[in-house]
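In this text the structure is predicted, and so the values were computed from the model without any measurement.
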Amino acid sequence: MEERPPIITMITDFGSDDHYVGSMKGVILWINPSVNIVDITHNVRPHDIMEGAFILKNTYSYFPPSTVHLVVIDPEVGTARRPIVVRTEHHYFVCPDNGILTFVLAGESVILAHEITAGHYRRASISPTFHGRDVFAPAAAWLSRGMNLSNFGDEIQDLKKIELPVPRILNDGRILGQVIHIDRFGNAILNVNLDFLHQIDMDILNRPIRIKSGNTIITELKKTYAEGEPGKPFFLLNSSNFLEIAMNKSPAASILTLRRGSEVQIEIE
């Protein structure tokens, strides 16, 4: 069987209007011309570590083993925060140590993590404002060539994590949940997933469920977006197994004035 070319995925908040992403790709291809570079997104909201972490969680595991995931949402670029390379059982990650791996580490065990300090695996001249090009891109390229993590610098143990919003079960049995992501269609994704629901009842989706947000009460569970009545909110279990408030061809979040952090109450009969 022909050997598959290595893969580097990219998630950044750099957008597509400037030179940032292009220069990072140029650095990568100088080091490894045979690598496949896959753009997951460059439209993470500026400096939004939580959003980048959520997008990474919902994409990385669909790539083949040994894929290198390059993630640069780095509001503290040039400061004492550490640039790191991380290996889990099947994947590699190159990113700032600022909590961007929090969702990944909730389900994956770290095999190795090293700070990027070795000069040979960074560009000779490092801009204090653009580590994406001068530190992270070279490290990802060298990893894609099979470089051992120990070559990058000292091993580290204490990876930074951000606090994730966790659903709570109240004394009266209601679930207090929270919007953790709003996608480009205006669907509001909650921090309540199928695993959490199954801890309550394995057959819970067959029981009547009410979601209350402000003065809005949502009672209809659908399997697809097209099943929803236009203009009327409903909820469903999305492709990542999170509960999601949606409308058929309408932005539910803006219509219902939902934003990330908005609290919802879930009642199960």
Any donor and acceptor pair, going by atom type alone, linking the side chain of Thr102 with main-chain N or O of Ile162 inside 3.5 Å? yes

Answer yes or no: is there an ion pair linking Arg210 with Glu267, defined by an N-O contact shorter than 4.0 Å? yes

Do Val44 and Thr12 touch side chain to side chain, with heavy atoms closer than 4.5 Å? no

For the side chain of Asn191 and the backbone of Gln178, is there at least one donor-acceptor N/O pair under 3.5 Å apart? yes

Residue pair Ile245 / Val179, side-chain heavy-atom distance below 4.5 Å: no

Partners passing salt bridge (Lys or Arg N to Asp or Glu O under 4.0 Å) against Lys212 (at least two apart in sequence or in another chain): none

List in chain and number order the residues that pass ring pair (Phe, Tyr, Trp, His ring centres under 6.0 Å) with Phe14, two or more places apart in sequence or in another chain; answer none if no residue qualifies. Tyr20, Phe130

Pairwise ring-ring contact (aromatic ring centres under 6.0 Å, His included) hits with a residue in residues 200-228, at least two apart: none

Where at least one partner belongs to residues 199-208, residue pairs that pass side chain to side chain donor-acceptor pair (under 3.5 Å), sequence neighbours excluded: Asp201-Arg207, Asp203-Asn206

Can a salt bridge be assigned to the pair Arg82 and Glu115 using a cut-off of 4.0 Å between side-chain N and carboxylate O? no

Ring pair (Phe, Tyr, Trp, His ring centres under 6.0 Å) filter on Phe93, not counting sequence neighbours, yields Tyr60, His69

Non-hydrogen side-chain atoms of Val85 and Ile116 separated by less than 4.5 Å: yes

Judged by atom type as modelled, is there a donor-acceptor pair below 3.5 Å linking the side chain of Glu227 to the main-chain atoms of Lys222? no

If you link ILVMFWY side chains whenever their heavy atoms are less than 4.5 Å apart, which other residues fall into the same cluster as Leu176? By chain and number, please. Leu170

Test item: Leu70 and Val72 side chains (from C-beta on) under 4.5 Å apart, heavy atoms: yes

Is His19 atom NE2 crowded by more than 12 heavy atoms from other residues, nucleotides or ligands, each under 6.0 Å away? yes

dist Glu244:CD -> Ile182:CD1 (nearest 0.5 Å) comes out at 10.5 Å

Does a sphere of radius 6.0 Å around NE2 in His90 hold more than 12 heavy atoms from other residues, nucleotides or ligands, not counting ones at 6.0 Å or beyond? no

Side chain Ser240, main chain Phe242, donor-acceptor under 3.5 Å: no

Reference residue Phe152; test ring pair (Phe, Tyr, Trp, His ring centres under 6.0 Å); the match among Tyr92, Trp142, Phe136, Tyr121: Tyr121

Write out all pairs satisfying ring-ring contact (aromatic ring centres under 6.0 Å, His included) with one or both partners inside residues 173-197, taking only residues at least two apart or from two chains. Phe54-His181

Residues at least two apart in sequence or cross-chain that pass side chain to side chain donor-acceptor pair (under 3.5 Å) with Asn36, listed by chain then number, are none

For Arg123, side chain to side chain contact (heavy atoms under 4.5 Å, CB included) partners two or more places apart: Val27, Arg133, Asp134, Pro138

Can you find a heavy atom in the side chain of Ile218 that is under 4.5 Å from one in the side chain of Thr216? yes

Can you tell me which residue pairs pass the side chain to side chain donor-acceptor pair (under 3.5 Å) test with a partner in residues 163-174, sequence neighbours excluded? Asp172-Arg174, Arg174-Gln265

Any donor-acceptor N/O pair, His114 side chain to Gly153 backbone, under 3.5 Å: yes

Taking atom CG as the centre, does Asn241 end up with more than 12 heavy-atom neighbours from other residues, nucleotides or ligands that are less than 6.0 angstrom away? yes

Could you work out, with side chain to side chain contact (heavy atoms under 4.5 Å, CB included) as the rule, every residue matching Pro251, not counting sequence neighbours? Ser254, Ile255

Charged N to carboxylate O below 4.0 Å: is that the case for Lys25 and Asp39? yes

Would a 4.5 Å heavy-atom cut-off, applied to side chains only, mark Leu101 and Leu56 as touching? yes

Please check if any side-chain donor atom of Thr67 sits under 3.5 Å from a side-chain acceptor atom of His91, or the reverse. no

Could you work out, with salt bridge (Lys or Arg N to Asp or Glu O under 4.0 Å) as the rule, every residue matching Arg81, not counting sequence neighbours? Asp74

Check: Asp183 side chain, Gly186 main-chain N or O, donor-acceptor pair, under 3.5 Å: yes

Any donor-acceptor pair under 3.5 Å from Arg145 side chain to Ile31 backbone: yes

